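Just so you know, these numbers come straight off a predicted model, no measurement behind them.
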Amino acid sequence: MQNVSETSRESGKTPQAGLLAPFDVHVQSGPKAVRTALLEIINGLGPLKLDVEETSTLELVLAEALNNVVEHAYTEPNAAGEIHISLRHRRDGLHVQICDWGNPMPDGVVPLGQLAALDGDVIDLPEGGFGWFLIRDLAKDVVYKRIGAKNQLRLRIAVAYRQGI
Amino acid sequence: MELQIKTKGEICILSVQEPRIDAAVALEFKEAVRQGTEDAPEEVILDLTQVTFIDSSGLGAIVATMKHLAPSRQLLLAGLSPAVEKVFQLTRMDSVFRIFLTLEEALSAKCE
């Protein structure tokens with residue numbers, strides 16, 4: 001009997017005071033996938049009452065990470081694969097995990113995301129390559145793993161810890 | 001992608017009528033701006049007052065627009081919300097564009 005109650009207490013993990021209950025968002029890759037996912041995520045984070053600055057950072061980082069999945073992981077004929085996003089609020093911020101079952105990251109690592117020089121002619125200005133720079137600049141602990149057929153990207157976004165959620 | 005296009009003397013004003021310039025509409029945005037500026041005068045102001053979010057694809061599309069207009073025409077940006085301005089600052093693209101807080105400021109700077 002004791003074992004049973006132990007188990008149920010384990011599985012029914014109640015979130016700690018001041019922390020948002022964990023939640024997941026699942027979308028199917030495609031042209032509207034990123035907007036749909038961002039809307040769901042931001043709605044889900046509503047109780048955290050993030051300020052404008054925190055929300056814009058979070059939206060930008062997740063938009064860039066999800067755009068990469070839609071554009072590079074899920075290419076034809078696998079363009080409508082599943083994207084799973086899990087969000088876990090802890091005292092040190094929001095831990096986000098994005099999983100897909102598409103193409104692996106080239107070379108198996110997260111790109112460095114360095115900005116190109118901007119001091120040349122207008123005509124030589126870069127039109128891309130900002131995505132990974134923004135992710136690395138705004139998110140912490142960015143870790144990519146290929147696990148079997150799955151891409152797993154984890155990152156943390158610092159958000160203020162709030163009492164009384 | 002809805003754009004409102006007005007020409008005031010020697011200045012063309014392109015006002016984006018949507019809240020997001022992101023990967024979903026970046027190509028459409030480039031094409032709409034290209035068409036809208038075919039006969040544009042030397043100064044083109046991109047009015048972003050209604051835009052609340054851009055991502056790196058949106059930024060890339062704005063850079064592409066500036067390159068498309070150069071060297072004969074100049075692209076100015078106006079009405080950046082804090083979230084939009086942040087993307088320009090982080091990528092240091094704020095050093096490449098002439099950026100004005102509001103459309104009025106951009107216009108008065110040009111009319112002086």
Practice task
Verify the neighbour count for atom CD of B:Glu42: are there more than 12 heavy atoms of other residues, nucleotides or ligands below 6.0 Å?
Solution key: no
Problem - Ion pair B:Arg20/A:Glu59, N-O distance below 4.0 Å - result: yes
Problem - Electrostatic pair A:Arg88:A:Asp24 at N-O distance under 4.0 angstrom - result: yes
Option in [options] with maximal non-hydrogen atom pairs under 4.5 Å from chain A:
options                            : answer
B:Ala61, B:Gly60, B:Ala70, B:Ser56 : B:Ser56
B:Val25, B:Thr52, B:Val63          : B:Val63
B:Ala83, B:Pro71, B:Ala64          : B:Ala64
B:Leu59, B:Ile62, B:Ile54          : B:Leu59

Per-residue contact mode, [X] against chain B (heavy atom under 4.5 angstrom):
X        : result
A:Val122 : both
A:Leu125 : both
A:Thr57  : both
A:Leu38  : side chain

Handout entry: chain B interface, residue from A:Leu118, A:Leu134, A:Asp124 that has the most non-hydrogen pairs under 4.5 Å
Key = A:Leu118
Fill in the blank from the handout: Counting heavy-atom pairs under 4.5 angstrom with chain B, the leader among A:Pro31, A:Ala33, A:Gly129, A:Pro126 is A:Pro126
Completion exercise
On a heavy-atom basis, the closest approach of B:Ser57 and A:Glu71 is OG-OE2, 4.2 Å
Practice task
Measure the acute angle between the ring planes of A:His84 and A:His26, then classify it against the limits of 30° and 60° as parallel, tilted or perpendicular.
Solution key: parallel
Completion exercise
Partner of B:Glu43 under side-chain contact (heavy atoms from CB on, under 4.5 Å), picked from B:Leu76, B:Ile13, B:Leu69, B:Leu75, is B:Leu76
Problem - Polar contact flag, side-chain donor to acceptor under 3.5 angstrom, A:Asn103-A:Thr75 - result: yes
